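Given the structure is predicted, the values throughout are model-derived calculations rather than measurements. Positions are given from 1, in the same order as the sequence printed here. Read the numbers this way: they start at 1 and go in the same order the structure lists the ligands and their atoms.
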Amino acid sequence: MVDSSFKDNDHSTKELFLSGAIWNDLDSNGDTPGCLAWKLGERGRGIYELCVNAGVRAEMLLGLMGGYEELGSEGDEEDEEIPDADASAEVGEDGEMNGTNGTNGTHEHELAVGPAEQTEIQKEKKDVNSEDYLKSELKFEDDKLLDEDDNGVMMKWETDIMRKSVDLLIPDLKPGDRVLNIGFGMGIIDRMFRDTKPKSHYIIEAHPAVLAKLAEPESAFGKNWEENAPEGGKYKIHAGKWQDVCPKLLEGGEVFDAIYFDTFGEDYSQLKLFFTEYVSGLLDGEGRFGFFNGLGADRRVCYDVYTKVAELDLCDAGMDVEWTDVEVPIEGMEQAGEGEWTGVRRRYWTLDKYRLPICTFLG
Ligand SMILES: C[S@@+](CC[C@H](N)C(=O)[O-])C[C@H]1O[C@@H](n2cnc3c(N)ncnc32)[C@H](O)[C@@H]1O
């Protein structure tokens with residue numbers, strides 16, 4: 001009896017989404033339909049999956065529309081017709097991507113939320129965007145790096161994720177690899193890469209304050225480091241945005257065995273641009289590519305939507321992705337504003353599992 005009524009619900013939910021229901025609209029408690037379905041436990045899994053699929057459809061469509069919008073003039077968006085009702089919730093400024101190291105409220109192809117959360121966000125935080133971030137003062141603390149609005153750029157609790165990423169990107173931790181890391185942050189992953197004694201190790205970093213920190217002798221990534229590359233290899237800090245540095249690396253015919261991408265203040269469209277435009281040229285045929293997968297990480301349904309969207313886009317770019325779950329000890333974590341989150345504007349991570357992507361070329 002219960003089962004069949006839930007099957008009916010699945011069917012009705014599907015109908016609703018196909019008729020234009022908004023997958024990420026919020027109720028007065030700030031829950032999306034997907035959040036409510038998840039709270040039902042096993043009984044709600046069917047509906048939850050339908051919500052995720054509706055989100056994926058809408059985000060993929062928005063991605064296409066985003067590409068199209070770039071050709072038009074600014075300000076056209078308001079008059080634009082929405083070709084699919086599923087996508088209607090996404091259109092609008094001030095959407096939230098909810099991801100660490102990638103929060104953004106202004107760019108195309110963000111994981112948008114409904115009106116209730118927008119109001120909350122406006123109260124809670126200013127938009128994070130690359131241009132402002134790269135001009136902002138930074139606060140370097142022992143366990144975190146914050147921008148001038150106290151957004152978490154990088155936090156020490158992410159160390160286990162960085163450790164596992166290095167272990168899977170360079171499986172045997174063998175010397176001789178050529179490594180490219182984009183985004184130095186607290187230098188956590190770069191210290192791990194350095195410890196594998198790669199033949200070449202390039203770091204691209206755009207923020208002047210991070211670059212200044214890097215140049216300090218105690219950072220261990222200064223001139224001495226650059227001069228101590230093994231024979232035939234190269235250790236190098238490339239100062240600047242990856243968008244400017246990568247074309248030069250491509251021109252120079254540089255190739256890497258492991259590439260990691262973890263920036264801040266950029267939205268998913270930039271990550272997608274990176275793997276569609278640059279990874280095929282910069283990664284060795286047998287190489288591995290990884291990125292910080294923090295998109296939507298303060299809301300399970302958004303995280304699940306972005307995981308699928310990224311997987312589909314990676315496939316489009318000729319890459320296969322293998323996901324590894326990494327436990328995040330959120331039980332031991334404090335609530336927003338407390339413990340490790342003290343002084344951080346927004347708790348950007350609430351999930352108990354990080355889904356770690358390792359990408360290789362298809363076939
Ligand atoms: C989340 S942190 C990286 C953390 C790093 N994975 C670690 O283990 O400490 C992001 C870094 O990317 C840098 N960044 C942001 N946008 C960038 C861009 N367009 N090009 C290069 N670096 C960028 C930021 O200044 C910041 O240092």
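With distances taken over non-hydrogen atoms, the option nearest atom 13 (C) of ligand 1 out of His238, Lys156, Glu205 is Glu205.
Taking the ring centroids of Trp349 and Tyr303, they lie under the 6.0 Å cut-off. In this structure, Tyr133 has its ring center under 6.0 Å from that of Phe264. Taking the six-membered ring wherever Trp is involved, the centroid distance between the rings of Phe221 and Phe184 falls below 6.0 Å. The six-membered or imidazole ring of Tyr306 lies near that of Tyr268, with a centre-to-centre distance under 6.0 Å. For Phe289 and Phe274, the gap between ring centers is short of 6.0 Å.
Where the criterion is an N or O separation shorter than 3.5 Å, residue side chain and backbone included, Glu266 meets it with respect to ligand 1. The shortest N or O to N or O distance between Val153 and ligand 1 is not below 3.5 Å. Close N/O approach between Leu134 and ligand 1 is not found [any backbone or side-chain N/O within under 3.5 Å]. Considering both main-chain and side-chain atoms, Lys241 never comes within under 3.5 Å of ligand 1 through any nitrogen or oxygen pair. The shortest N/O to N/O separation between Tyr260 and ligand 1 does not fall below 3.5 Å. Every N/O-N/O distance between Leu145 and ligand 1 stays at or above 3.5 Å.
Ligand 1 places these atoms under 4.0 Å from at least one heavy atom of Ile189: 6 (N), 7 (C), 8 (O). Each of the following atoms of ligand 1 lies closer than 4.0 Å to a heavy atom of Met162: 6 (N), 8 (O). Heavy-atom proximity to Gly240, at under 4.0 Å, picks out these atoms of ligand 1: 20 (N), 21 (C).
Within the 4.0 Å heavy-atom criterion, neither part of Gln270 lies near ligand 1. The proximity of Met186 to ligand 1, defined as any non-hydrogen pair under 4.0 Å, involves the side chain as well as the backbone. At a 4.0 Å heavy-atom cut-off, ligand 1 does not touch Phe292 at all. The proximity of Phe184 to ligand 1, defined as any non-hydrogen pair under 4.0 Å, is limited to the backbone. Here Glu158 has no heavy atoms under 4.0 Å from ligand 1, in either its backbone or its side chain. At a heavy-atom cutoff of 4.0 Å, ligand 1 is contacted by the side chain of Val210 but not by its backbone.
A salt bridge does not link Glu251 with Lys248: none of the charged nitrogens is closer than 4.0 Å to a carboxylate oxygen.
Of the possible donor and acceptor atoms, one in the side chain of Asp27 sits under 3.5 Å from a partner among the backbone N and O of Asp31. A distance-only check finds no donor-acceptor pair linking the side chain of Asp177 to the backbone of Val179 [under 3.5 Å].
Residue Ser130 places every heavy atom at 4.0 Å or more from ligand 1.
Within the model, atoms SG of Cys51 and CZ of Phe17 stand 4.0 Å from one another, a figure rounded to the nearest 0.5 Å.
Between the side chains of Trp23 and Glu59, no donor-acceptor pair of N or O atoms lies under 3.5 Å. Tyr202 and Glu254 form a side-chain donor-acceptor contact under 3.5 Å, judged by distance and modelled atom types alone.
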